[in-house]
Asks: 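One structure is given below, represented as C-alpha coordinates, and several questions about it will come after.
Start at 1 with the first residue, then count along the sequence. Fair warning: this is a prediction, and the values are worked out from it, not measured in the lab. For the numbers below, each heavy atom of this structure counts, side chains included, while hydrogens, waters and symmetry mates do not.
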Amino acid sequence: FNGSTDYISVASNSTLNISNSKITLAAWVKKNTATSTGYIINKGVPVTGGDGYNVRLSTSTVTAKIQITTNVSDDKTYNFPTDTNWHFLVVVFAATSSNSGIYVDGTRLGSMSSGAASQASSTSLTIGSYNDGTSVFDGSIDEARVYDRVLTATEVYQLYKNSAAPLAKLTKSGQSD
(Lines give C-alpha, C1' and ligand atoms only; values in the text may rest on other atoms or scores of the structure.)
Protein backbone atom coordinates (compact mmCIF):
# COMPACT_ATOMS: atom_id res chain seq x y z
CA PHE A 1 0.00 0.00 0.00
CA ASN A 2 1.65 3.19 -1.18
CA GLY A 3 -0.17 5.72 1.01
CA SER A 4 -1.95 7.42 -1.90
CA THR A 5 -3.80 5.06 -4.25
CA ASP A 6 -3.39 1.39 -3.22
CA TYR A 7 -6.19 -0.35 -1.33
CA ILE A 8 -8.49 -3.37 -1.58
CA SER A 9 -12.27 -3.08 -1.81
CA VAL A 10 -14.58 -6.02 -1.03
CA ALA A 11 -18.18 -5.69 -2.21
CA SER A 12 -20.83 -5.34 0.47
CA ASN A 13 -21.90 -8.69 1.86
CA SER A 14 -24.05 -9.45 4.90
CA THR A 15 -21.40 -11.86 6.21
CA LEU A 16 -19.15 -8.83 6.84
CA ASN A 17 -21.71 -7.13 9.11
CA ILE A 18 -21.64 -7.50 12.88
CA SER A 19 -23.99 -10.30 13.78
CA ASN A 20 -25.04 -11.27 17.28
CA SER A 21 -23.15 -8.21 18.58
CA LYS A 22 -19.73 -9.82 17.96
CA ILE A 23 -16.79 -9.13 15.66
CA THR A 24 -13.00 -9.53 15.63
CA LEU A 25 -10.71 -7.71 13.18
CA ALA A 26 -7.09 -8.84 12.77
CA ALA A 27 -4.13 -8.06 10.51
CA TRP A 28 -0.37 -7.96 10.39
CA VAL A 29 0.68 -4.36 9.69
CA LYS A 30 3.99 -2.68 8.89
CA LYS A 31 4.41 1.05 8.42
CA ASN A 32 6.65 2.23 5.56
CA THR A 33 7.88 5.05 7.80
CA ALA A 34 7.52 5.73 11.51
CA THR A 35 4.97 8.44 10.66
CA SER A 36 2.79 6.33 8.31
CA THR A 37 -0.96 6.67 8.89
CA GLY A 38 -4.21 5.36 7.40
CA TYR A 39 -7.04 2.85 7.67
CA ILE A 40 -6.25 -0.85 8.06
CA ILE A 41 -9.80 -2.28 7.85
CA ASN A 42 -12.95 -0.19 7.30
CA LYS A 43 -16.62 -0.90 6.69
CA GLY A 44 -19.07 1.95 6.87
CA VAL A 45 -18.80 4.52 9.68
CA PRO A 46 -19.64 7.59 7.61
CA VAL A 47 -18.87 10.94 9.21
CA THR A 48 -22.58 11.73 9.52
CA GLY A 49 -23.44 8.53 11.39
CA GLY A 50 -24.53 5.07 10.39
CA ASP A 51 -23.39 1.52 10.96
CA GLY A 52 -19.87 0.25 10.64
CA TYR A 53 -16.47 -0.50 12.11
CA ASN A 54 -12.85 0.37 11.43
CA VAL A 55 -9.31 0.29 12.73
CA ARG A 56 -6.78 2.93 11.71
CA LEU A 57 -3.22 3.92 12.55
CA SER A 58 -1.87 7.37 13.24
CA THR A 59 1.78 8.25 13.80
CA SER A 60 1.91 6.78 17.32
CA THR A 61 -1.61 5.49 18.01
CA VAL A 62 -4.14 2.88 16.91
CA THR A 63 -7.84 3.76 16.95
CA ALA A 64 -10.72 1.31 16.66
CA LYS A 65 -14.32 2.38 16.15
CA ILE A 66 -17.56 0.42 16.30
CA GLN A 67 -20.68 2.41 15.45
CA ILE A 68 -24.29 1.26 15.47
CA THR A 69 -26.38 4.11 14.03
CA THR A 70 -25.55 7.46 15.60
CA ASN A 71 -26.65 6.37 19.08
CA VAL A 72 -24.23 3.63 20.13
CA SER A 73 -20.57 4.18 19.38
CA ASP A 74 -17.20 3.27 20.81
CA ASP A 75 -14.05 4.98 19.60
CA LYS A 76 -10.88 3.98 21.49
CA THR A 77 -7.29 5.11 20.93
CA TYR A 78 -4.16 3.50 22.37
CA ASN A 79 -0.43 3.89 21.81
CA PHE A 80 1.04 1.97 18.87
CA PRO A 81 4.74 1.31 18.15
CA THR A 82 6.38 4.04 16.08
CA ASP A 83 8.84 1.70 14.38
CA THR A 84 8.64 0.10 10.92
CA ASN A 85 8.52 -3.52 12.14
CA TRP A 86 5.65 -5.96 11.56
CA HIS A 87 2.99 -5.89 14.31
CA PHE A 88 -0.05 -8.11 14.81
CA LEU A 89 -3.11 -5.91 15.39
CA VAL A 90 -6.42 -7.31 16.68
CA VAL A 91 -9.67 -5.57 17.67
CA VAL A 92 -12.27 -7.66 19.51
CA PHE A 93 -15.76 -6.28 20.12
CA ALA A 94 -18.78 -7.89 21.74
CA ALA A 95 -21.74 -6.37 23.52
CA THR A 96 -21.39 -8.67 26.51
CA SER A 97 -17.77 -9.84 26.58
CA SER A 98 -14.95 -8.87 28.87
CA ASN A 99 -12.59 -9.94 26.05
CA SER A 100 -13.46 -6.81 24.05
CA GLY A 101 -10.38 -4.74 23.41
CA ILE A 102 -7.43 -3.79 21.24
CA TYR A 103 -4.39 -6.08 21.10
CA VAL A 104 -0.94 -5.47 19.61
CA ASP A 105 1.48 -8.39 19.28
CA GLY A 106 -0.73 -10.57 21.48
CA THR A 107 -0.92 -8.08 24.36
CA ARG A 108 -4.19 -6.37 25.27
CA LEU A 109 -3.75 -2.59 25.30
CA GLY A 110 -7.20 -1.74 26.63
CA SER A 111 -10.92 -2.28 26.37
CA MET A 112 -13.73 -1.46 23.98
CA SER A 113 -17.12 -0.58 25.52
CA SER A 114 -19.94 -3.05 25.46
CA GLY A 115 -23.60 -2.55 24.69
CA ALA A 116 -23.98 -2.34 20.91
CA ALA A 117 -26.31 -4.56 18.94
CA SER A 118 -25.92 -6.10 15.52
CA GLN A 119 -25.29 -3.77 12.59
CA ALA A 120 -25.80 -3.79 8.87
CA SER A 121 -23.86 -1.57 6.50
CA SER A 122 -24.32 -1.55 2.73
CA THR A 123 -20.86 -0.07 2.11
CA SER A 124 -17.88 -2.05 0.85
CA LEU A 125 -15.25 -3.34 3.23
CA THR A 126 -11.88 -1.80 2.45
CA ILE A 127 -8.41 -2.90 3.45
CA GLY A 128 -5.83 -0.12 3.42
CA SER A 129 -8.18 2.89 3.14
CA TYR A 130 -11.43 4.55 4.18
CA ASN A 131 -14.44 3.27 2.20
CA ASP A 132 -14.22 6.14 -0.33
CA GLY A 133 -10.54 5.48 -1.11
CA THR A 134 -9.17 8.28 1.09
CA SER A 135 -6.87 8.01 4.12
CA VAL A 136 -4.88 5.28 2.37
CA PHE A 137 -2.42 3.38 4.57
CA ASP A 138 1.27 3.86 3.82
CA GLY A 139 2.72 0.45 4.59
CA SER A 140 2.07 -3.27 4.28
CA ILE A 141 -0.93 -5.30 5.46
CA ASP A 142 -0.97 -9.08 5.53
CA GLU A 143 -3.44 -11.73 6.67
CA ALA A 144 -6.33 -9.29 7.21
CA ARG A 145 -9.20 -11.16 8.84
CA VAL A 146 -12.79 -10.47 9.93
CA TYR A 147 -14.32 -12.96 12.35
CA ASP A 148 -18.02 -13.06 13.21
CA ARG A 149 -17.21 -14.09 16.77
CA VAL A 150 -15.21 -13.00 19.77
CA LEU A 151 -11.68 -14.34 19.94
CA THR A 152 -10.51 -14.95 23.48
CA ALA A 153 -7.27 -13.43 24.77
CA THR A 154 -5.72 -16.90 24.50
CA GLU A 155 -6.82 -17.24 20.86
CA VAL A 156 -5.43 -13.77 20.04
CA TYR A 157 -2.09 -14.69 21.59
CA GLN A 158 -2.02 -18.06 19.80
CA LEU A 159 -2.72 -16.36 16.46
CA TYR A 160 0.14 -13.95 17.14
CA LYS A 161 2.58 -16.74 18.05
CA ASN A 162 1.46 -19.20 15.35
CA SER A 163 1.12 -16.86 12.36
CA ALA A 164 4.58 -15.41 12.04
CA ALA A 165 5.11 -11.94 10.64
CA PRO A 166 5.78 -11.90 6.90
CA LEU A 167 9.47 -12.30 6.08
CA ALA A 168 9.73 -10.16 2.95
CA LYS A 169 7.71 -7.99 0.65
CA LEU A 170 7.74 -9.10 -2.97
CA THR A 171 7.92 -6.38 -5.59
CA LYS A 172 6.27 -6.62 -9.01
CA SER A 173 9.47 -8.05 -10.46
CA GLY A 174 9.39 -10.86 -7.88
CA GLN A 175 12.42 -9.58 -5.98
CA SER A 176 12.18 -9.08 -2.23
CA ASP A 177 13.17 -5.82 -0.62
Asks: Just wondering, do T37 and T59 contact through their side chains at under 4.5 Å, heavy atoms?
Replies: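 Result yes, sub-4.5 Å side-chain heavy-atom pair found.
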Asks: Within this structure, what is the CG-CZ distance for the pair L89 and R56, rounded to the nearest 0.5 Å?
Replies: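 With rounding to 0.5 Å, CG (L89) is 12.0 Å from CZ (R56).
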Asks: Does some side-chain heavy atom of T77 sit less than 4.5 Å from a side-chain heavy atom of V62?
Replies: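 Of all side-chain heavy-atom pairs linking T77 with V62, none is under 4.5 Å.
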Asks: Report yes if the side chains of K43 and S124 come closer than 4.5 Å at any heavy-atom pair, otherwise no.
Replies: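 The answer is no, as the side chains (C-beta and beyond) never meet within the 4.5 Å cut-off.
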Asks: What distance do Y39 atom OH and T63 atom OG1 have between them, rounded to the nearest 0.5 Å?
Replies: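 It comes to 9.0 Å.
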Asks: For T61, is there any backbone N or O sitting under 3.5 Å from a side-chain donor or acceptor partner on N79?
Replies: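 Such a contact is absent between N79 side chain and T61 backbone.
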Asks: Check whether any side-chain heavy atom of I8 sits under 4.5 Å from a side-chain heavy atom of T126, and report yes or no.
Replies: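 They are not in side-chain contact.
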Asks: Please report the closest heavy-atom contact between K76 and S111, naming both atoms and the distance.
Replies: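 Closest approach of K76 to S111: CG-O, 3.4 Å.
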Asks: Quick one: list whatever passes ring pair (Phe, Tyr, Trp, His ring centres under 6.0 Å) with Y157, sequence neighbours left out.
Replies: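 In terms of ring pair (Phe, Tyr, Trp, His ring centres under 6.0 Å), with neighbours along the sequence ignored, Y157 is linked to no residue.
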Asks: Does the T24 side chain pair with the main chain of L151, one donor and one acceptor, at a distance under 3.5 Å?
Replies: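 Here the side-chain-to-backbone pair exists.
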Asks: With H87 as reference, evaluate W28, F80, Y160 under the ring pair (Phe, Tyr, Trp, His ring centres under 6.0 Å) test and give the passing residue.
Replies: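 Going through the options one by one, the only one that passes is F80.
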Asks: Got a sec, which residues hit ring pair (Phe, Tyr, Trp, His ring centres under 6.0 Å) with Y103, two or more places apart in sequence or on another chain?
Replies: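 Ring pair (Phe, Tyr, Trp, His ring centres under 6.0 Å) check on Y103 returns nothing, list empty.
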Asks: Check whether any side-chain N or O of T84 sits under 3.5 Å from a backbone N or O of K31 as a donor-acceptor pair, and report yes or no.
Replies: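 The answer is no, because no donor-acceptor pair under 3.5 Å joins these two groups.
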Asks: Check whether S36 reaches the backbone of N32 with its side chain - one donor and one acceptor, N or O, closer than 3.5 Å.
Replies: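 Yes.
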Asks: T134 vs D132, test: side chain to side chain donor-acceptor pair (under 3.5 Å). Steps then yes/no.
Replies: CA-CA 6 Å; T134 60; D132 63 1; 2.5 Å; yes
Asks: Does T82 reach the side chain of S60, with side-chain heavy atoms less than 4.5 Å apart?
Replies: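 With C-beta onward as the side chain, the pair touches.
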Asks: Verify, without hydrogens or angle tests, whether R108 (side chain) and S100 (backbone) share a donor-acceptor contact under 3.5 angstrom.
Replies: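 Between the backbone of S100 and the side chain of R108 there is a qualifying donor-acceptor contact (under 3.5 Å).
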Asks: At their closest point, which heavy atom of L125 faces which heavy atom of Y53, and how far apart are they?
Replies: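 In this case the closest contact between L125 and Y53 is CD1-OH, 3.5 Å.
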Asks: Between V136 and D6, which heavy-atom pair has the shortest distance, and what is it?
Replies: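 Between these two residues, the closest heavy atoms are CG1-O, 3.0 Å.
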Asks: Nearest heavy-atom pair of A26 and I41: which atoms, and what distance?
Replies: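 Shortest heavy-atom contact: O-CD1, 3.9 Å.
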Asks: Find the distance between OG1 (T123) and CG (N131) and round it off to the nearest 0.5 Å.
Replies: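 One gets 5.0 Å once the value is rounded to the nearest 0.5 Å.
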Asks: If every non-hydrogen atom of P81 is compared with every non-hydrogen atom of V104, which pair is closest and at what distance?
Replies: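 Of all heavy-atom pairs spanning P81 and V104, the closest is CD-CG1, 4.2 Å.
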Asks: If you define the side chain from C-beta out and look only at heavy atoms, does anything of E155 sit under 4.5 Å from V150?
Replies: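 With C-beta onward as the side chain, the pair stays apart.
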Asks: To check you understand the geometry: which heavy-atom pair defines the closest contact between A64 and I102, and what is its length?
Replies: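 Result for this residue pair: CB-CD1, 3.7 Å.
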Asks: Can you tell if the side chain of V91 reaches within under 4.5 Å of the side chain of I23, non-hydrogen atoms only?
Replies: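 Of all side-chain heavy-atom pairs linking I23 with V91, none is under 4.5 Å.
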Asks: Can you measure from CG (L25) to CG (N42) and round to the nearest 0.5 angstrom?
Replies: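 These two atoms lie 10.0 Å from each other.
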Asks: Would you indicate whether the side-chain heavy atoms of I40 and L57 approach each other to under 4.5 Å?
Replies: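 Answer yes - side chains close enough.
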Asks: OG/S135 to OH/Y130 distance, rounded to the nearest 0.5 angstrom?
Replies: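 That separation rounds to 8.5 Å.
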Asks: Start with the C-alpha distance between L159 and F88, add both sets of side-chain angles, then the distance that settles side-chain contact (heavy atoms from CB on, under 4.5 Å), and finish with yes or no.
Replies: CA-CA 9 Å; L159 269 177; F88 190 57; 3.8 Å; yes
